[in-house]
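For reference, the structure discussed in these notes is given below.
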Amino acid sequence: MDGKNILASIFKCQWTSSKTVMKLINYISLLKEQFNNRVVLKEKRKGIIQVFAPLYHEDGDMVDIFLEETPTGKIRISDHGMTLMRLSYSFDLNTENKKKVFRMILEQNGVEEEKGDIYYEVEPSQIFSGIMQFSQVISKVSNIKILKREMIKNLFYEILDEFIERELRKFNPVKSFTPIEEETYIVDYKIEGKEKPLYLFGVKDSAKARLVTIYCLTFIQKKIPFRSVAIHDDFDSLPRKDKTIITNVVDKQFTSLEEFQKSGLEYLKREAS
Amino acid sequence: MKKTYKQDFLDNLIKVSKKILVPPKKEMKLEGKHHRNDFKLESVDREYQFSVFLRQSIDFAENFSIGLIYCPPDDETITLCRFNGPHGGWEDSPFHLVPHIHLAKQENIEKGLTPEKNAKKTELYSTFEDAIVQFMKYCNIIGWEEYFGKYIQMPMDFK
C-alpha cells in the first residue's frame, strides 16, 4: 500500500491527488486535534469531505457539514443545500417576510447562501470554531418555524402598516377603527369608499381569520354598510375550513402581502373615494 | 404541541387507507439544491388530512427523504414517518449511515420532542425510487401507481 493509501486508511477517506492529500491531511489533523479526536471525516465526493460529529438536528438527524478547499486556500464549510431541503419538509420560505428572517439569521452570523447552499469560509486555523459557528446557524435556520411565530407575526403587521401608511396615505386610512361601541371589534384600517367604507384587515393566521369572520358577520348583523378587504400573509397556509369560512364572508381578499403591495393601489383607485 | 396522541392512534394514522386529494406534480421540481414534490391526502372516511413530501438532494442522490405528515384541523402538524436515505451518523446513531425510517412516538410528543426523532435502519429500500414505492405501500395510499408507477421494479425471477 503506498503512502497516500496508508494515510487514506488512517483518516478513513480516499484522495484524488498528492497535493490535495498533503493539504487536506494538514487540515484534518488540525480539525481532529481541535475536536479532541472526536470527529470522523469521509470523502463524500471528489474534493468534498463530510464531517461526522455529534451535532444533531431536533429531528434526530445529524447536521450535514461538508468541507471543501477554495481557490484562495480557505476552507468552505457548507451544507450543500441540506438544511433548506430539510426545512422544506414542513415549512416553505415562500413569503418576503420569511425570507427576510432567513437572511437576517445568516447576516447576523456572517454566513452566506448561494442557490440554496449555506456556507461559511474560514482560514484553516479556524476550522473548529468555524464548524461550531456554522452548526449554530444551521440550528437557527432549521428552527426558523419557531422564530417565525414570534418574528414573522410582528413583521407581517409591521410591513403591512408601513405599506399602508407610506403608499396609501392619499386615501387617508384610519387605523384601528371601531365601527360599533364595543371596542373589541377593531378594523385594522378604514378607507372611505365610493359607495361604502372599506374595512381592511391584515390576516396572519387562523386566529385572525376567525376574528375577522366574526367581526364582519357582526357588522352585517348590525346593518353597518361596509366592504371588507382581507390581506393575508399566506392564504394557502390557512387550514381548509378557515379558508372556506373567510372566503364566504369577506368581500375581497389579497392572498399575500406581496399581492396587496402589487395590486392594492389599483384596487383602491377603483374602490376608494 | 398542545395535544398528546396515543401510539395506537399514530400507528393507525400511518396504516389507514388514504386517497389522493391534491395530486403530485408530474415531475420533481428543482428548488435550490434539491428536487421536491408534494401532494395532499385524506383518509377514505374523510376524517383525517395528510400531506406527503418527497425531497432529494441534487448533489448527493443518496440524501433523500419521503415523509407523511398528519394535518389536524386545530393543532400543529405531526410527521408520522420519514423514509430517509443514508446521510451520515455518529457512534450512537449508526443507522443514519444506512437507509432508515423515522416514526412518530407518543413519548416524544409527551416530552415535547420532535415526534419522529427516533429511527431504525431498514432494508425495505436502497434508492430514492425504491423508497417511493415502499413508502406508498407502507402508508396505504390508494392510486399512487398513477403518479409513481414508473418506479415499480418487476421482480427478476428466472424460475
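The sequence lines fix the lettering, A, B, ..., with proteins before strands; numbering per chain opens at 1.
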Heavy-atom donor-acceptor pair, [X] side chain to [Y] backbone, under 3.5 Å:
X	Y	result
A:Y215	A:R210	no
B:S57	B:A61	no
A:Q50	B:H87	yes
A:D117	A:H80	yes
A:S139	A:S135	no

Item to check | Pair listing, salt bridge (Lys or Arg N to Asp or Glu O under 4.0 Å) test, anchored in residues 115-132 of chain B, at least two apart | outcome: B:R82-B:E116
Checklist entry - In terms of heavy-atom proximity below 4.5 Å to chain A, should B:N84 be classed as side chain, backbone, both, or neither? => result side chain
Checklist entry - Which bit of B:H102 is near chain A, if near means a heavy-atom gap under 4.5 Å: side chain, backbone, both or neither? => result side chain
Checklist entry - Taking the six-membered ring for Trp, are B:Y151 and B:Y125 ring centroids under 6.0 Å apart? => result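 For B:Y151 and B:Y125, the ring centres are not under 6.0 Å apart.
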Checklist entry - Is it the backbone or the side chain of A:D92 that comes under 4.5 Å from a heavy atom of chain B, or both, or neither? => result side chain
Toward chain A: residues of [range] with heavy atoms under 4.5 Å:
range	result
residues 133-141 of chain B	none
residues 25-50 of chain B	B:E31, B:G32, B:K33, B:H34, B:R36, B:E42, B:Q49
residues 10-20 of chain B	none

Item to check | Winner by heavy-atom pair count (cut-off under 4.5 Å) against chain A, out of B:D59, B:T79, B:I58 | outcome: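 Option with the greatest count: B:D59.
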Next on the checklist: I'd like to know which of B:S65, B:G67, B:A119 tops the heavy-atom pair count under 4.5 Å against chain A.
Outcome noted: B:S65
Checklist entry - With respect to chain B, which residue among A:D64, A:D61, A:D242, A:L55 yields the maximal number of heavy-atom pairs within a distance under 4.5 Å? => result A:D61
Next on the checklist: For the interface with chain B, which of A:K241, A:R45, A:M82 has the highest count of heavy-atom pairs at distances below 4.5 Å?
Outcome noted: A:R45
Next on the checklist: So for atom CD, which belongs to A:E58, do other residues, nucleotides or ligands contribute more than 12 heavy atoms lying within a distance under 6.0 Å?
Outcome noted: no
Next on the checklist: Just so I know, are the side chains of A:E121 and A:Y119 near enough to count as touching, which here means a heavy-atom distance under 4.5 Å?
Outcome noted: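 SC-SC contact between A:E121 and A:Y119 confirmed.
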Checklist entry - Can you find a pair of side-chain heavy atoms, one from A:S88 and one from B:F53, that are under 4.5 Å apart? => result no
Residues [X], [Y]: salt bridge by 4.0 Å N-O rule:
X	Y	answer
A:K44	B:E62	yes
A:K98	A:D234	yes
A:K208	A:D233	no

Item to check | Criterion side chain to side chain contact (heavy atoms under 4.5 Å, CB included) against A:I138, the qualifying member of A:I65, A:L87, A:V111, A:V63 | outcome: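 Among A:I65, A:L87, A:V111, A:V63, the one that satisfies the side chain to side chain contact (heavy atoms under 4.5 Å, CB included) with A:I138 is A:V63.
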Checklist entry - Do we get A:K243 above A:F235's six-membered ring, with its NZ or CZ under 6.0 Å from the centre and within 45° of the axis? => result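 Cation-pi check for A:K243 and A:F235: passes.
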Next on the checklist: Could you walk me through whether A:K42 and A:V51 satisfy the side chain to side chain contact (heavy atoms under 4.5 Å, CB included) test, starting with their C-alpha distance in whole Å, then the side-chain angles of each, then the deciding distance to 0.1 Å, before giving a yes or no?
Outcome noted: CA-CA 7 Å; A:K42 290 183 187 281; A:V51 178; over 6 Å; no
